Amino acid sequence: MSESENIRYDFTTAEPRWQAAWEAAACFRAADMPEAGRDKYYVLEMFPYPSGKIHMGHVRNYTLGDVVARYKRARGFEVMHPMGWDAFGLPAENAARARKIDPATWTYQNISAMRGELKRMGLSLDWSREFATCDPEYYGQQQKIFLDFWAAGLVERRMSAVNWDPVDNTVLANEQVIDGRGWLSGAPVERRMLAQWFLRITDYAQDLLDGLESLPRWPGRVKLMQENWIGRSEGAEVRFPLAAPLDDIAEVAVYTTRPETLFGMSFLAVAPEHGVARAVAARNPQAAAFIAACAAQGTSEAVIETAEKQGFDTGLRVTNPLNGESYPVWIGNFVLMDYGTGAVFGCPCGDQRDYDFAVKYNLPIPVVVLPEGGVAVTDRAYDGAGTLVNSGFLDGLGTKAGKAAAIARLVALGAGQARQTWRLRDWGISRQRYWGCPIPVIHCAACGAVPAVDLPVILPKDVRFDQPGNPLDHHPTWKHVACPRCGQAATRETDTFDTFIDSSWYFARFCAPEAPTPTLAAAVNHWLPVDQYVGGIEHAILHLLYARFFTRAMRKTGHLGLDEPFAGLFTQGMVTHESYKDEDGNWLYPEEVTRLEDGSAVDAQGRPVSVGRVEKMSKSKRNAVDPGVIIDRFGADTARWFVLSDNPPERDVEWTETGILGANRFVMRLYRIAVGIAAVPVDGPGDISGQARDLRRLTHRTIAAVTEALESFSFNVAVARIHELTGALTGSGAPEAGMAAARHEAMGVIARLVAPMMPHIAEEIFALISPGQGLVAQAAWPVAEPELLVVDEVTIGVQINGKLRGTIKVPAKGEAQANTAIAKAAVAGALGGQSIVKEIYVPDRIVNFVVKP
RNA sequence: GCGGGCGUGGUGGAACUGGUAGACGCGCCGGACUCAAAAUCCGGUUCUGGUGACAGAGUGUCGGUUCGAUUCCGACCGCCCGCACCA
């Protein structure tokens with residue numbers, strides 16, 4: 001022991017040494033084209049934005065993926081595990097403005113720094129496939145894809161009310177508006193009309209919904225979130241003739257999920273942007289003023305929270321096709337133009353919004369649904385099922401039957417039909433930004449919008465950020481070109497793509513990153529789909545839905561041959577850390593805070609500090625821990641082991657100092673034990689029994705358990721099992737026959753079992769235990785010997801009335817009768833004189849005596 | 001409001017298709033080594049009562065199904081997440 005006390009694993013030299021060895025052996029290089037005889041496995045983690053430094057979320061994300069990649073490699077799969085950079089986006093422009101540095105330079109410097117940090121983590125990445133989305137070689141291919149989509153009818157340019165971020169001066173997708181505010185700027189979003197490019201994702205709404213069923217290896221909640229986001233709704237379209245045509249408008253179409261309540265109609269309401277509203281406004285200044293007021297209220301959170309139903313009576317009347325009655329037409333601030341038809345029929349008894357509106361404007365509230373066996377609800381809307389009343393031919397029907405009957409009548413009258421509506425909208429992809437992929441379009445006065453032919457359309461480098469708005473718009477020459485169709489002077493589109501496009505097909509590009517076409521059929525057919533995708537739950541909707549859509553659209557345009565890009569998805573939890581605030585409410589860094597024995601905390605001056613909730617690490621809360629510092633202090637293996645250790649990976653993990661110290665302690669201990677074992681000469685396998693046999697059994701049970709844990713992403717359980725086996729190897733071991741060999745075998749197994757998780761020390765141990773056998777990174781996964789997994793003695797619980805009263809040790813697969821007798825003897829005292837009513841015997845598990853007092 | 005998830009020791013969490021609850025780690029307690037400390041090693045650690053073998057209770061609460069429930073069913077409480085003026 002005294003000797004090994006001085007042994008210290010020096011990760012500072014070992015880790016770079018093994019990283020160099022892997023690189024020299026090209027361990028992680030995958031071929032574009034199929035290699036015969038091996039199954040492929042494509043492991044991908046969501047690629048990072050090159051902010052300049054990796055954070056703990058990256059460490060967790062890439063460690064999880066790396067465990068899978070290394071494990072699958074050991075299992076004999078041909079693994080592709082690439083890495084790249086999601087490099088376009090706002091921060092580069094912000095840096096350009098703040099520091100007068102070119103966005104490209106800033107981005108590539110960051111990439112270089114982060115590549116170095118990722119390499120220090122010892123990830124088994126195929127760096128030969130690396131690219132950044134801001135490389136012209138990548139985004140030029142993306143422009144080709146866009147033009148193909150356009151030719152295939154998947155692209156549209158149209159005027160649209162857009163979410164305008166007044167701080168960032170750009171258009172935001174609905175998904176980028178959070179609580180009425182820009183997702184990056186936090187500014188209240190305004191509504192504006194602009195000509196925008198759209199991708200027709202709604203063409204695939206049904207398909208994207210149906211496709212979720214083909215994804216058994218996706219988390220249920222992600223599928224549910226996508227399902228809700230797509231939001232299929234069943235109902236009917238109903239056309240209401242206007243009493244007198246307005247301009248050329250003769251009727252108003254309404255979408256409803258409750259056609260059976262048409263007899264409960266009280267009014268019809270249209271959105272402020274609806275054609276009817278505009279036509280009315282053209283001749284009625286008061287209506288125009290009302291509409292303007294609605295637009296001004298925007299979509300800000302405060303407004304929506306407090307928004308009161310407001311309306312304007314147009315004086316127009318429509319006829320309800322089912323009962324022939326006449327109803328007023330209102331403009332309502334609560335009616336959404338881009339859902340359904342932008343018009344609703346108001347049924348106050350069945351919809352709370354309509355109820356509120358009717359009460360406010362003193363409109364009638366006819367009751368048409370009686371709750372099951374109940375009385376009419378009149379003090380609020382009742383939207384449950386029930387029996388229809390006051391509804392003419394629908395009287396007496398249930399709401400469900402009534403719906404079918406109402407639709408049938410509407411069809412017969414030619415006044416409507418069944419219809420589905422989707423919550424999903426088309427994807428607005430235009431951004432008034434410099435640092436993005438230029439939209440390859442030229443606007444010609446004579447020819448309109450025509451595809452650019454000079455691909456790639458490359459971003460100009462000489463741009464100025466000293467004025468607001470899009471620098472491409474201000475550039476003196478870049479946008480002025482000849483029309484590719486007629487040759488006349490024309491201008492380039494100066495908008496760039498939403499950066500979500502960049503990440504919608506990168507997984508396909510990784511298959512052949514240098515191909516002269518966006519994809520290479522042989523490569524994508526071989527490698528896709530991604531077998532295991534790993535990333536944050538925050539991308540559950542946007543990124544994953546867009547990538548699924550892109551895959552379908554790329555199939556339609558001949559770039560891909562499948563529908564679903566990601567066969568398996570794993571969503572990891574966040575890395576959290578305590579946060580600290582001083583008396584004045586300023587966030588403090590952990591190193592500025594001292595914890596006292598009573599659990600309270602003080603700052604450097606001894607003033608009290610409030611310890612905040614455990615929150616996601618972020619710069620602003622000053623609770624971020626820099627992975628670079630951790631790797632300096634403890635090494636990459638310790639950092640990797642820690643993020644895998646305690647929590648199931650789908651849950652949030654709290655960063656703690658004691659946790660990282662514990663992980664480090666294990667690394668050091670493992671090494672000490674390995675050195676001790678390697679120093680003892682191995683006696684022949686011989687005839688082993690007793691302790692040695694027990695150890696071998698544990699070793700092989702551990703192989704089985706760790707294998708199962710890795711397959712099911714229970715990395716924390718794998719860690720526990722490895723701890724257990726390691727624990728059995730402490731001490732120098734008894735000089736029993738075969739013990740040295742058994743210990744040697746166990747440590748060799750540990751080297752291979754920890755290799756996916758702590759690859760460096762695994763190599764170190766493997767070299768000690770199995771000298772001359774090459775790299776553990778290229779070694780096969782250990783296989784448990786079946787005969788050592790066979791249990792020949794089991795401990796069976798003995799219960800009386802389901803309560804544990806004792807245990808017995810018996811040979812496995814024993815006779816029920818014999819074991820029951822042994823059990824009975826074991827709990828004879830507790831049984832007393834009670835009569836046994838029933839005996840339950842579950843082989844190798846339990847005996848239960850049901851007794852009567 | 002709608003949809004979904006989760007509640008297990010001081011703590012992070014284990015527990016196969018219902019079958020010995022608390023694996024493993026952290027923390028804590030005790031011991032060894034040391035002049036001492038750190039490091040390391042050994043032992044203990046769900047709670048209550050008892051010196052003790054042992055007894056009782058125990059997986060958010062209440063009830064149900066079952067020989068037996070952390071696991072299945074119902075109601076409730078609490079926390080978390082997604083969506084939301086979606087007709």
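Lettering follows sequence order; numbering is per chain, from 1. Given the structure is predicted, the values throughout are model-derived calculations rather than measurements.
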*Under 4.0 Å from any atom of RNA chain B, heavy atoms only: list the residues of residues 349-358 of chain A that qualify, in numerical order.*
R353(A)
_On the nucleotide A87(B), are OP1 or OP2 found under 4.0 Å from the side-chain N or O atoms that Y339(A) carries?_
yes
_Residue pair Q352(A) / R380(A), side-chain donor-acceptor N/O under 3.5 Å_ = no
*Measure the spacing between OG1 of T256(A) and CD1 of I407(A) and express it to the nearest 0.5 Å.*
9.0 Å
*Donor/acceptor link under 3.5 angstrom from R425(A) side chain onto base of C86(B)*: yes
*asked:* So, using side chain to side chain contact (heavy atoms under 4.5 Å, CB included) as the criterion, who are the partners of V791(A) when residues are at least two apart?
replied: V794(A)
*When rounded to the nearest Å, what value does the distance between C1' atoms of G64(B) and G18(B) take?*
15 Å
*So, do F267(A) and F357(A) have ring centers that fall under 6.0 Å from each other?*
yes
_Presence of R845(A) side-chain N/O under 4.0 Å of G68(B) phosphate oxygens OP1/OP2_ = no
*Which value, in whole Å, describes the distance between the P atoms of nucleotides C29(B) and G22(B)?*
25 Å
*Using the C1' atom on both, measure G4(B) against A14(B) and round to a whole Å.*
25 Å
_Rounded to whole Å, how long is the line connecting atom CD1 of I537(A) with atom P of C6(B)?_
14 Å
Every protein N/O lying under 3.5 Å from an N/O of nucleotides 21-23 of chain B:
from, atom 1, to, atom 2, distance (Å)
A23(B), O2', R721(A), NH2, 2.8
A23(B), N3, R721(A), NH2, 3.3

*Can you tell me the distance, in whole Å, between the CH2 atom of W422(A) and the C1' atom of C86(B)?*
14 Å
*What interatomic distance, in whole Å, is found between P of G19(B) and the corresponding atom of C73(B)?*
15 Å
*Take atom CZ of R221(A) and atom P of G4(B), then tell me their distance rounded to the nearest Å.*
14 Å
*asked:* Considering every strand and a 4.0 Å limit on heavy-atom distances, what is the contact class for T795(A): base, sugar-phosphate, or nothing?
replied: base
*asked:* For Q817(A), I'd like to know if atom CD has over 12 heavy atoms of other residues, nucleotides or ligands within 6.0 Å.
replied: no
_Separation of G12(B) P from F666(A) CZ (nearest whole Å)_ = 22 Å
*Could you check whether V344(A) gets within reach of a base, just the sugar-phosphate, or nothing at all, counting any heavy atom under 4.0 Å?*
base
*Report the distance from atom CZ of R669(A) to atom P of C42(B), rounded to the nearest whole Å.*
7 Å
_SB check E234(A) K403(A) (cutoff 4.0 Å)_ = no
*Please state the C1' separation for the pair C79(B) and U61(B) - nearest whole angstrom.*
15 Å
*For E538(A) and C83(B), give me the distance from atom CD to atom P, rounded to whole Å.*
12 Å
*asked:* When you measure from the side-chain N and O atoms of K803(A) to the phosphate of A57(B), is any distance below 4.0 Å, counting only OP1 and OP2?
replied: yes
*asked:* Taking T399(A)'s backbone N and O only, do any of them form a donor-acceptor pair with R258(A)'s side chain (distance below 3.5 Å, no angle check)?
replied: no
*asked:* When the C1' atoms of U70(B) and G60(B) are compared, how many Å lie between them, rounded to an integer?
replied: 12 Å
*Rounded to the nearest Å, what distance is computed from the CZ atom of residue R701(A) to the P atom of nucleotide C24(B)?*
12 Å
*Using atom P of each nucleotide, how far apart are C72(B) and G7(B) to the nearest Å?*
11 Å
*Under 4.0 angstrom, heavy atoms only, what part of the nucleic acid is V335(A) near: base, sugar-phosphate, or nothing?*
base
*Which is true for R232(A) with a 4.0 Å heavy-atom rule: it touches a base, it touches only sugar-phosphate, or it touches nothing?*
nothing
_Syn or anti conformation of G9(B), syn meaning chi within 90° of 0_ = syn
*Under 4.0 Å: is that the gap between some side-chain N or O of R423(A) and OP1 or OP2 of A84(B)?*
yes
*Span that lies between the P atom of G12(B) and that of A23(B), in whole angstrom*: 15 Å
_Does anything in residues 641-652 of chain A come within less than 4.0 Å of RNA chain B? Heavy atoms only, and list the residues if so._
D646(A), N647(A), P648(A), R651(A)
Let me check something: any side-chain donor-acceptor pairs from residues 709-728 of chain A under 3.5 Å, sequence neighbours excluded? List them with distances.
from, atom 1, to, atom 2, distance (Å)
E711(A), OE2, Y71(A), OH, 2.6
S712(A), OG, E708(A), O, 3.2
S712(A), OG, A709(A), O, 3.3
S712(A), OG, S714(A), OG, 3.1
R721(A), NE, E724(A), OE1, 2.9
T726(A), OG1, I722(A), O, 2.7

*Does the side chain of R8(A) get closer than 4.0 angstrom to OP1 or OP2 of U40(B) through an N or O atom?*
no
*asked:* Quick check on C42(B): is either OP1 or OP2 less than 4.0 Å from any side-chain nitrogen or oxygen of T730(A)?
replied: yes
_Base-pair map of RNA chain B as dot-bracket, where | denotes pairing with a different strand and pairs are Watson-Crick or G-U under 3.5 Å_ = (((((((..(((......[....)))((((((.......))))))((((....))))..(((((..]....))))))))))))....
